Structure formats: structure tokens, C-alpha cells
Amino acid sequence: MTDLSVDLGFLKLKNPVIAASGTFGYGLELAPHIDLRQLGGIVTKGLYFNPRSGNLPPRLAEASAGLINAIGLPGIGVERFSEEILPQLKGYDTAIIVNVCGESDDEYISVVDFLNQKEGISAYELNISCPNVKKGGLCPALDPQATFSVVSSVKKKSSLPIITKLSPNVTNIEEIALSAQDAGSDGISLVNTFLALAVDVDTRKPKLANLFGGLSGPAIKPLALRMVYQVASRVKIPVIGLGGISSGQDALEFLIAGAKAVEVGTANLVDPEATLKVIQELQEYCQKKGIAKIEKIVGTLKC
Amino acid sequence: MLPKDGLSGIFVREISQDMIKDSQALITEKESWKEYYLLSLKSPGIAQQAKPGQFIMVRIDPQPYPLLRRPFSIHSKDEENIEIFFQKTGSGTALLAQKEINDSLDILGPLGKGYKVDPGFKGKTVIMVGGGRGIAPLYFLAQELATLGAEVKIFYGAKSLSDLCLKDKFERNDFKLFYSTEDGSLGFKGLVSDFLAEKLPSLAPEFMYSCGPEAMMEKIAQIAMEKEIPAEFSLESIMGCGFGICWSCVRRIRQEGQETWLKICEEGPVFSKEQIIW
């Protein structure tokens, strides 16, 4: 058996496969169907401080080998999460990473403040792609200064490691990643979805009520891989790669490009067992190739 | 942003134990009429659990084209097989229509909450109204209710006689059938909802069920409201996953006197006339 465990420095995972935010609920929903203990980790659905109902439907459109969503981060808020979800979730031996959202730097801080005292969370993933209401709707992830501001303020208050999740909708992804690192982020995850549009030719209306949505799925994998390589080559903190991963081979591509772990997202919607399949295929590949420890493969792209 | 009052609708539930992933559901029979198709899928686990009004999510191809599964209501079942009835409307159903006997499909199900099947309907009249491909789940429901001893009366409406492709299949059962076509090629000429309104006084149903185009169901809901007949409707939606994880198929629904946003896949697809906001 290959040793699939990976050490992010701030967090040890039993394997590099993590369920991505927004595609795995709060984790518990899938418990009757998946042995959650087999996962490297679970990133919860994005949590704002208060409950939210999300965007108007239609919220989803299909694209070639992908999907465009504008779900709008509906969720139960930190209180219900702490009371209804976390006590049960922490019973599973897997890393629980809470995806933290905010409409302002203050809201991110209030979420982290609230959750700091709760048991069972391994790390926070900062979703800095949420529109910042106070700054005219700008997502911190689109701007190096705004990224620095939110990451450093949250880092000061957080009792747990922070993974900053980057948006790919920028000209220079390395600059944003370095900002997050300078602000004290313990790790980086990328990429979030690509801003996209779907048009209904009959009605000449956008297919989503929100006009734009985020493209995910196999369609974005080569773009995500490129960005993961760029970031992993520049930053010193560990990188978690995501974007269109649905097989062991996809995951290996990200690991070779420099990611220490990966997140599986959209694939969970098509196959609720997708994460387990990726883990199994990683194990099979490593055994076949005689790789004793999967960490040895990280960042081995021969250029 | 949705209105804030919709928050009570955000449920977090464990996905039903009943859901089975069958990645080798063999196509054992196939029939087609114009752009309509009927596939029989051998999937004993799903067949055993399935209830009328529930649906399955079909992965049309292992390659990511199309990426997402498509929802299909369960048209009928026996011990080992389930049937789906669909119309070729887009690229996904066009690919599905090309599948042949002995091909296998990856399916997930049964999903959702189905129609009310009440043993108390024995000896009572129940009415079903199906429009076009919306007739699909009503066959399974009609069979279950007929087995319970209900008097099943089915209004089957479509554009034209050639769209009433399940006519012969329904007629092989002991159901009373009422046909309507918009062009008058069979039965009542006009909308099935108008035909229902005309016939209703003489039928005195205990319960009504419907599935079909939204505009048709809305009219039937109005009739059911006026006549104070309990009624259930199966709603359609674009679905990302079908099992409650992606939150894409939400709809405004009345629940315990409050309006809220519910996932059609998990809390539906069947809702009562009082619940649906048209």
C-alpha cells in the first residue's frame, strides 16, 4: 500500500483528496452513502455569519463539459452550523475545513471569532470571491490589496490555520497569491470558478437569473492546472489545487504541477462517490508505479 | 438575493438511504414514436424502492458530454425493471435517444418524494391529468392506485393524436381514459384543462394528480382550488445533482403557512396545490 498521507505543514491529511466547498453540502448529507472517514478532508458549504437564501432561480446552466452556477451561497449561518452540523461532523475522522464567507472584512472576522471556540474544525478556507458590499461589490480575490486586507485581519483573529481560496478571474494570479502569503495565509487553494455567461437563443435572455455565473467542471481543468503551477512555483506555503478534477489522473496532474492536495468539486454532483473514486485511482496508480509515498510526486513536473 | 423570509426553507438533510447508484442499468426494451422514447432499465434495487412520482438521475454518457445527469420520472416498474418515458428536447435527450437495447446506463435513484398513495382511495374516484410528456409518472401512479382499488380516470392531453403515444399502453389497463388534442385529431378539441373543467361535475373525484406543462398545471390547480378538491402536482426543474447537494433547483413554496424556498429534488418534485406558487 502506498502512503497517501500528505503534510500541509499546518495540517496532516490521510490522503490528498478533499471535497470542495459547495459540492458536498455540510458533509453530513452524504454520510449515509459515503464513508466520510476515507476522505482527506471536507470543505463545508460557504458560511456567512447569518443564514442566507441565495440567488433567484434559475441558478444553473450546463456548458460543454462544465456547468455554470450562480447559487448565491445560501446557507444556514454559523449558529445553526455549530449546533446542528459540527457536533455530528466531528465524529468522523477526517479534516473539517470551514469555508468562510463575508460581505465585509468584519463579517469574515465575526465568522471566525464565532467558530474559534468550537471543537472539530481543522482549518478555515477563506472564500475571498464573495462580493464585498462595503467596497462596491468588489471581491477581495480580484485585488492584491483587498486580499491582503481581509487575510491579515482574519489571520489576527483566527485560532486555526487559514487557507485562502483564490479566484481565477484575474490577470496576475501570482500577485494575489503572494499577497495572501504576505498577509499570513497558511495555505492557498485555487481555483474558484471562472466568470461565465450562458445565453438562451430562443428567449435571448441569460440562462441564469443572476446574468453571470461561475464555470466549473472538466472544461476548466487545463486553465486551473496552469494557474496552480504558476502559484505553486512562486509561493512558499502549500497549495491545494482544484478545477475539474474527477479522476485519479486529474488529481495526479495537479499534484505533479505542484499542489500538495486537491479538492474534488463539480464531480460530486454527477457522482456522489467521486471523491472515493479519485482516492482509489490514486492508490492504484501509485501501486502500479511503485511509488511508496504520494508526497514524492508533488511538484515533479519536468520542464 | 432572495427575500430574507425564505430562510426557514433551508433544510439540511441526510440524503435518503433509498438512493442507489446503479452504474450498470441495462436497457432491456426500447420503443419510440416521433420524438418520444420509452426505455426499460433493469435495476432491481431501484425498482424495489421506487414509489410513484419519484425520479431517477441518468448519466447519459461516461464522458463529460453532457456533464450533468438528467432527471426522469419513473414511468413504471416491475420487480426488476423501471421505465422512463421522455421527449427529445435537447442535446442530452438526443444522446439518450440513441442508446439501444443492451447498452447500460449509470443511474441514481429513486429520488424525491412521490405522489400520495392512500389505501383510503379504495372504491373512490381519482383523476389524473397529464399533458404531453408529463404523462410519464402518471402511469406508475395509476397502476398503484388501481391495485388499491381506486377508480382511476385519466385525462391525457397533447397537441395532436401522434403525441398521445402511450394511448395503447394505457388502454391495456383498466383505466377510464379521456383524450384531448389541441388540433382535435382525437377526443376533445382544445386544452386538457378545459376538458377537465367540463367533465369534472359528473366525476366527483376524491383526489387529483397532475404532471405536464406549467401553464396546464396552473389551470388545473385553479380548478382544484375552486372545486375544493385535494390535488398534487409534479414540478420540473433544471437539476445539477438531483439529491440535494447543489441547491440549484429551488422554488418558492408555501410550507406551514409560510412562503419559503425549497429544493424541488429533495422536498418535491410533488407538491400540493396549496404549496405551489405559480
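Since we're looking at a predicted model, the values are computed, not measured. Quick note: numbers below take in every heavy atom, side chains included, and nothing from hydrogens, waters or symmetry partners. Note on naming: letters A, B, ... go to the chains in the order of the sequence lines (proteins, then strands), and numbering restarts at 1 for each one.
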Determine whether more than 12 heavy atoms belonging to other residues, nucleotides or ligands lie under 6.0 Å from atom [atom1] of [X].
X      : atom1 : answer
A:E284 : CD    : yes
B:Q275 : CD    : yes
A:K205 : NZ    : no
B:K42  : NZ    : no

Let me confirm one number: the [atom1]-[atom2] distance from [X] to [Y], rounded to the nearest 0.5 Å.
X      : Y     : atom1 : atom2 : result
B:E14  : A:L30 : CD    : CG    : 9.5 Å
A:L269 : B:L67 : CG    : CG    : 8.5 Å
B:W261 : A:L56 : CH2   : CG    : 5.0 Å

Problem set entry | Test item: A:E29 and B:F243 side chains (from C-beta on) under 4.5 Å apart, heavy atoms | no

Problem set entry | pair A:P57-B:R251: side-chain heavy atoms closer than 4.5 Å | no

Exercise. Based on non-hydrogen pairs under 4.5 Å, which of B:K21, B:R59, B:M239 is most in contact with chain A?
Worked result: B:K21

For this session: With a 4.5 Å cut-off on heavy-atom pairs, point out which of B:G92, B:S248, B:C241, B:C246 contacts chain A the most.
Result: B:S248

Exercise. Can you name the side-chain contact (heavy atoms from CB on, under 4.5 Å) partners of A:Q283, sequence neighbours left out?
Worked result: A:M1, A:T2, A:L4, A:Q287

Taking side chain as everything from C-beta outward and backbone as N, CA, C, O, which of these in [X] sits under 4.5 Å from a heavy atom of chain B? Side chain, backbone, both or neither.
X      : result
A:E84  : neither
A:L73  : neither
A:S246 : neither
A:N50  : neither
A:L28  : backbone

Given heavy-atom pairs under 4.5 angstrom as the criterion, report whether the side chain, backbone, both or neither of [X] touches chain A.
X     : result
B:I15 : both
B:M19 : both
B:S16 : backbone

Exercise. Who among A:S64, A:A219, A:P218, A:G77 has the most heavy-atom pairs with chain B under 4.5 Å?
Worked result: A:P218

Exercise. Between A:G66, A:P58, A:G217, A:A267, which has the largest tally of heavy atom pairs under 4.5 Å with chain B?
Worked result: A:G66

Exercise. If contact means a heavy atom pair closer than 4.5 Å, which residues of residues 94-102 of chain A contact chain B?
Worked result: none

Problem set entry | Verdict with reasoning, A:V270 to B:L68, per side chain to side chain contact (heavy atoms under 4.5 Å, CB included) | CA-CA 6 Å; A:V270 181; B:L68 299 174; 4.3 Å; yes

Exercise. Looking at B:W247 and A:R59, what are the two nearest heavy atoms and their distance?
Worked result: O-NH1, 2.7 Å

